[in-house]
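As the structure lists them, so they are numbered: ligands from 1, and atoms in each ligand from 1.
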Amino acid sequence: MILQTLDLTLQYPGKLLCRNLSLTVGPGECWAILGQNGCGKTTLIHALGGLRRVDRENESSVMVAGKPPQTWPRRELARNLGILLQEEPGEFWGSVSEYVLLGRYPHVKNIFGWDAIDQDMALHAIERMELTSLAHRPLITLSGGERQRARIALLLAQSPICYLLDEPLQHLDLRHQLLAMTLFGELARQGSAVVMVLHDIGWASRFCDHVLMLFDDGHTIRGSSEETLNQSNLEALYQCNIKEIVMNNGRHFVPETMPGV
Ligand SMILES: Nc1ncnc2c1ncn2[C@@H]1O[C@H](COP(=O)(O)OP(=O)(O)OP(=O)(O)O)[C@@H](O)[C@H]1O
């Protein structure tokens, strides 16, 4: 078990986001977190990553590799857990390759800087995200999608055991959505744990083996994608009419109509 919540309840004044969530994410698993805007997906990612304190009496309700995330030394936590947030904390004025190298910081052994392994891993991550031709450009000159690929490359260079990803496909075109999902699927097959917030059920059904659904009233459904992704769960989750289409051995879910329209 890499990531675990025990009876986790998250709320803001006047709004219950999730109630008594017990979740266990193991190595090799790829999870999608699904739910309507404002249901609490980002808040949950923050709680799982130790970026948001859970209630005091609830302190042990999130565990990363057996310990609450706040109790890990930061560099050690970053070797276990890599987090991709929706918002960037601040501007970075260096080049793309300098930015991606920051992912190696938790692994640095040499006080004089990055060693050959760090350089190689950053280079490989840049290649994987198809950024080689932009590697020397200042990060701030990149487009939204290019910058999102650089952020994913930084995480690849970091190579944590568990990836927590909040809308990793934001700003990406179709080709790069496929590239990113293929990569996350590969990471899971190689033994990493991957947990990602998605708005596209198609990607979830194709690449994720587990799903967590967060409903507006705080209740949750979790389980295998096979079991949980069905018309009735998804219609209840998204509050609209959804049609399931089976095509080329894959299941596709198409939003059809708004109820009452
Ligand atoms: N600091 C805060 N104080 C009060 N309410 C908040 C605070 N931060 C977030 N919320 C509310 O909590 C709810 C959950 O927010 P969150 O960002 O986790 O939703 P989400 O599921 O990630 O949404 P989206 O799909 O739009 O990104 C929202 O209704 C939001 O307005």
Give a yes-or-no answer on whether the side chains of [X] and [Y] include a donor-acceptor pair shorter than 3.5 Å.
{"X": "Thr257", "Y": "Asn241", "value": "yes"}
{"X": "His176", "Y": "Glu130", "value": "yes"}
{"X": "Ser143", "Y": "Glu146", "value": "yes"}

- Message: For a quick check: using heavy atoms under 4.0 Å, what are the residues in contact with ligand 1, sorted by chain and number?
- Response: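 Contacts of ligand 1 under 4.0 Å: Tyr12, Lys15, Leu17, Gln36, Asn37, Gly38, Cys39, Gly40, Lys41, Thr42, Thr43, Gln86, Glu167, His199.
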- Query: Are the charged groups of Arg149 and Glu127 less than 4.0 angstrom apart, N to O?
  - Reply: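 The answer is no: the pair does not qualify as a salt bridge.
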- Query: At their closest point, which heavy atom of His107 faces which heavy atom of Gln158, and how far apart are they?
  - Reply: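 So the two residues come closest at NE2-O, 2.6 Å.
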- Query: Mind checking whether Phe215 and His219 have parallel, tilted or perpendicular rings, split at 30° and 60°?
  - Reply: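 The arrangement is parallel - the two ring planes meet at less than 30°.
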